[in-house]
Amino acid sequence: MDPSMSKNRPPSQRQLKAGELIRRALAEILSREPLRDPDLRGVSITISEVRASPDLKHAIVYAAPLGTDHDHDVIMEALQRSQSFLRGRLGKEMQMKSTPRLRFMKDESFKTAEDMTRLLQDPHIAQDLKKESE
């Protein structure tokens, strides 16, 4: 079950605000902190979304490496291995009662956007779209 949803309710304003604050702080930490994990060295990572649980004790972090040279699964495993370090840094940067436990998930939105662009550029699809717009 997605911890950002409680009994099919949308996330509260508090959850949304906390998620955005965590997202910004993690992006800043990842951009400036040298990570020890060899799988993360020299990798630029984007944090697209953070979903906080209702009690703000857990957060799902949607991340992806920038560029296509990296194996997304390897990067996600490395981020998960680094979660205690990142959580510690997050705790120093944020003024929250407790720092949430982080769970990293692969962000598929970039791949979906690439797939859609590739599909729309297909000559057969472009021809069909042109016919519909006339």
Side-chain angles (χ1 to χ4, degrees):
M1 182 171 137
D2 187 343
S4 69
M5 299 297 179
S6 176
K7 299 179 184 172
N8 297 325
R9 284 186 239 146
S12 68
Q13 287 298 316
R14 180 173 170 249
Q15 285 172 270
L16 293 172
K17 183 178 179 182
E20 182 57 20
L21 291 172
I22 293 166
R23 186 193 70 76
R24 287 182 186 175
L26 277 176
E28 178 68 28
I29 292 165
L30 288 169
S31 71
R32 73 166 188 263
E33 293 284 338
L35 299 174
R36 292 183 184 163
D37 194 300
D39 290 330
L40 295 175
R41 287 196 188 124
V43 178
S44 293
I45 297 167
T46 183
I47 306 293
S48 58
E49 182 182 5
V50 174
R51 294 183 187 171
S53 64
D55 61 5
L56 305 182
K57 292 188 179 194
H58 301 276
I60 297 176
V61 180
Y62 290 90
L66 293 175
T68 58
D69 301 345
H70 310 288
D71 182 337
H72 288 237
D73 293 330
V74 170
I75 299 299
M76 290 304 109
E77 289 171 13
L79 284 170
Q80 200 56 50
R81 285 192 303 266
S82 301
Q83 84 82 28
S84 61
F85 168 78
L86 293 169
R87 184 178 182 218
R89 288 292 189 266
L90 190 62
K92 291 177 182 176
E93 295 222 358
M94 299 191 64
Q95 298 172 353
M96 294 177 73
K97 189 184 284 186
S98 66
T99 307
R101 291 186 183 265
L102 305 173
R103 190 170 114 211
F104 289 89
M105 302 289 288
K106 185 174 17 172
D107 181 9
E108 299 285 350
S109 63
F110 296 106
K111 183 181 180 317
T112 302
E114 287 174 10
D115 292 346
M116 291 295 291
T117 300
R118 191 173 26 254
L119 184 64
L120 291 171
Q121 291 173 346
D122 181 287
H124 294 33
I125 302 294
Q127 182 179 8
D128 288 345
L129 290 173
K130 185 177 179 182
K131 283 180 186 176
E132 283 184 17
S133 67
E134 291 176 353

Closest approach of [X] to [Y] (non-hydrogen atoms, all atoms of both residues):
{"X": "F104", "Y": "Q80", "value": "N-OE1, 2.8 Å"}
{"X": "G19", "Y": "A52", "value": "N-CB, 4.4 Å"}
{"X": "A64", "Y": "H72", "value": "CB-CE1, 4.3 Å"}

Look at the side chain of [X] and the backbone N and O of [Y], then say whether any donor-acceptor pair between them is shorter than 3.5 Å.
{"X": "Q15", "Y": "P10", "answer": "no"}
{"X": "R51", "Y": "P11", "answer": "no"}
{"X": "S48", "Y": "A63", "answer": "no"}
{"X": "R87", "Y": "T99", "answer": "yes"}

*Show the numbers, then the answer: is there a side chain to side chain contact (heavy atoms under 4.5 Å, CB included) between L26 and I45?*
CA-CA 10 Å; L26 277 176; I45 297 167; over 6 Å; no
Atom [atom1] in [X], atom [atom2] in [Y]: separation rounded to 0.5 Å?
{"X": "M76", "Y": "D71", "atom1": "CE", "atom2": "CG", "value": "10.0 Å"}
{"X": "R103", "Y": "R101", "atom1": "CZ", "atom2": "CZ", "value": "13.0 Å"}
{"X": "L35", "Y": "S82", "atom1": "CG", "atom2": "OG", "value": "5.5 Å"}

Joint hydrophobic cluster, [X] plus [Y], side-chain heavy atoms closer than 4.5 Å:
{"X": "L56", "Y": "I47", "answer": "yes"}
{"X": "V50", "Y": "F85", "answer": "yes"}
{"X": "L16", "Y": "I22", "answer": "no"}

_Matching residue for E33 among K92, R41, R89 - test: salt bridge (charged side-chain N to carboxylate O under 4.0 Å, His left out)_ = R89
*Check the pair E49, D107 against side chain to side chain contact (heavy atoms under 4.5 Å, CB included), reporting the backbone distance first and the verdict last.*
CA-CA 8 Å; E49 182 182 5; D107 181 9; over 6 Å; no
*Taking the side chain as every heavy atom from C-beta outward, state whether T46 and L30 have any pair of such atoms under 4.5 Å apart.*
no
*asked:* Any heavy-atom pair between the side chains of R81 and D39 that's under 4.5 Å?
replied: yes
*How far apart are the C-alpha atoms of L90 and L102, what are their side-chain angles, what is the distance that settles it, and do they pass the side chain to side chain contact (heavy atoms under 4.5 Å, CB included) test?*
CA-CA 10 Å; L90 190 62; L102 305 173; 4.1 Å; yes
_The criterion is side chain to side chain donor-acceptor pair (under 3.5 Å); which residues satisfy it with E20, sequence neighbours excluded?_
R23, R24
*asked:* List the residues meeting side chain to side chain donor-acceptor pair (under 3.5 Å) with E77, not counting sequence neighbours, and say none if there are none.
replied: none
*asked:* For a side chain to side chain contact (heavy atoms under 4.5 Å, CB included) check, start with the C-alpha distance between V61 and L86, then their side-chain angles and the critical distance, and finish with the verdict.
replied: CA-CA 12 Å; V61 180; L86 293 169; over 6 Å; no
